[in-house]
Amino acid sequence: MRISEIFYSLQGEGFLAGVPSVFVRLAGCPLRCRWCDTKYAWDQAAGAHYSINKIIQSVQKWPCKFVVITGGEPMINSELPLLVQKLKAFKKHITIETAGIAFIQDLACDLMSISPKLSNSTPVDTELAAIHEDSRLDIAVLRASIDNYNYQLKFVVDSQDDLSEIQQTIEDIGNVDSEKVMLMPQAATREQFLAKSPMVAELCKRTGLAFCQRLQVLLWNNQKAT
Ligand code: SF4
């Protein structure tokens, strides 16, 4: 598999925020989101080749039950099912972080952490924007993901104008448990996170949706491997 990085940190986002976790970041993502904070993981070729056994050995360096498979976009990787299966044999709790653009059946995954991409993520470059718009939102994939896995839905909020698009997306998916939906400030730096958080907090109070923390930004200002 092409691996961008493997490191030990705290889960920064979602309902498991604060839980010490080993992160396996797979290289490769087609979306090119405008505000992506892991651009170094876009290109598969930029990752190093690891066998699945080498990934397991690296993960086992830390005595940690929680493993987060992230990206890039893990769900487009054909070797993901085998990696999940092997990690599960070591009784790991596995979170997969995905944009929800591809579906794989029967993964032994404990939490599917889905972050559907809104129009606020569209790249400025027109060529990239066309690719992005073509694949950023697949309602059937999102529906299959929430029907088949324990999930959380994290929406990145850039401004309060995003709320209607979020509500429309939730309605389009259908059957979404609102207690599993979170709103997360769009922020690449600690300053941006602190500046946008009050606006997102107000949206959370208005809608009853949970506020999504970004501890990696707050604690480490989004340094690599955090
Ligand atoms: S889906 Fe995630 S990894 Fe891919 S470009 Fe968007 S933010 Fe970055």
Side-chain angles (χ1 to χ4, degrees), residues 2 4 12-14 25-47 69-78 80 95-105 107 112-149 151-176 178 180-189 192-193 195-196 199-200 203-204 207 209 212 214 217 222:
R2 305 299 296 190
S4 174
E13 302 173 358
R25 188 181 304 288
L26 306 189
C29 179
L31 284 188
R32 309 291 192 261
C33 297
R34 178 171 57 81
W35 38 252
C36 178
D37 55 5
T38 54
K39 292 187 167 109
Y40 54 88
W42 281 358
D43 185 2
Q44 261 215 331
I69 304 176
T70 188
E73 174 49 69
M75 293 293 279
I76 58 171
N77 194 304
S78 60
L80 181 67
T95 299
I96 295 177
E97 295 188 333
T98 174
I101 58 170
F103 177 72
I104 303 173
Q105 194 97 40
L107 290 169
M112 192 62 76
S113 180
I114 311 163
S115 183
K117 296 299 175 270
L118 304 174
S119 53
N120 68 23
S121 63
T122 303
V124 177
D125 179 281
T126 46
E127 216 170 294
L128 294 181
I131 298 167
H132 180 88
E133 281 306 301
D134 208 34
S135 52
R136 75 172 165 82
L137 202 61
D138 187 326
I139 296 296
V141 165
L142 292 169
R143 183 61 197 264
S145 303
I146 71 160
D147 282 348
N148 285 274
Y149 292 106
Y151 69 92
Q152 61 188 15
L153 276 181
K154 297 183 298 181
F155 288 96
V156 175
V157 179
D158 200 25
S159 80
Q160 55 185 354
D161 297 340
D162 294 336
L163 186 59
S164 56
E165 192 180 341
I166 291 167
Q167 289 171 324
Q168 186 61 54
T169 305
I170 292 171
E171 200 180 312
D172 290 347
I173 298 168
N175 201 28
V176 172
S178 60
K180 296 183 174 185
V181 180
M182 306 186 93
L183 303 182
M184 180 166 73
Q186 192 285 105
T189 65
Q192 289 169 0
F193 181 77
K196 287 221 174 106
M199 175 270 291
V200 175
L203 292 184
C204 290
T207 58
L209 301 175
C212 185
R214 300 191 89 170
V217 178
N222 229 356

>> Run the salt bridge (charged side-chain N to carboxylate O under 4.0 Å, His left out) test on Asp172 and Arg143 for me, step by step, so that the C-alpha distance in whole Å, both residues' side-chain angles and the decisive distance to 0.1 Å come before the verdict.
In response: CA-CA 9 Å; Asp172 290 347; Arg143 183 61 197 264; over 6 Å; no

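- Side-chain atoms of Arg34 come within 3.5 Å of backbone atoms of Asn120 as a donor-acceptor pair (strictly under, hydrogens ignored).
- At least one side-chain heavy atom of Leu80 sits less than 4.5 Å from a side-chain heavy atom of Ile96.
- Judged by distance alone, with hydrogens and angles left aside, the side-chain atoms of Lys196 form a donor-acceptor pair with the main-chain N or O of Gln186 at under 3.5 Å.
- Scanning both residues, Ile76 and Pro30, for their nearest heavy atoms gives CD1-CD, 3.8 Å.
- Using a distance-only test at 3.5 Å, with no hydrogens or angles considered, a donor-acceptor pair links the side chain of Arg214 to the main chain of Pro185.
- Closest approach of Gln44 and Asn77 over heavy atoms only: NE2-ND2, 4.3 Å.
- Nearest heavy-atom pair across Met182 and Gly14 is SD-CA, 3.4 Å.
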> Yes or no on side chain to side chain donor-acceptor pair (under 3.5 Å) for Ser178 and Lys180, after CA distance, side-chain angles and deciding distance?
Replying inline: CA-CA 5 Å; Ser178 60; Lys180 296 183 174 185; over 6 Å; no

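- Between Leu203 atom CG and Phe155 atom CZ the span is 13.0 Å, to the nearest 0.5 Å.
- To the nearest 0.5 Å, atoms CG (Asn148) and CZ (Phe103) are separated by 4.0 Å.
- If you take CD1 on Ile173 and CD on Gln168, they are separated by 10.5 Å, rounding to the nearest 0.5 Å.
- Enclosure of atom CD in Gln105 by more than 12 non-hydrogen atoms of other residues, nucleotides or ligands within 6.0 angstrom is indicated.
- For the atom pair CD of Glu171 and CD1 of Ile139, the computed distance is 10.5 Å after rounding to the nearest 0.5 Å.
- Taking all atoms of both residues into account, the shortest heavy-atom contact from Cys212 to Phe193 is O-CE1, 4.5 Å.
- The NZ atom of Lys154 sits 10.5 Å away from atom OG1 of Thr98, with the distance rounded to the nearest 0.5 Å.
- The nearest pair of heavy atoms linking Leu118 to His132 is O-NE2, 4.4 Å.
- Closest approach of Leu107 and Tyr149 over heavy atoms only: N-OH, 2.8 Å.
- In Gln160, the CD atom is not crowded: 12 or fewer heavy atoms of neighbouring residues, nucleotides or ligands sit closer than 6.0 Å.
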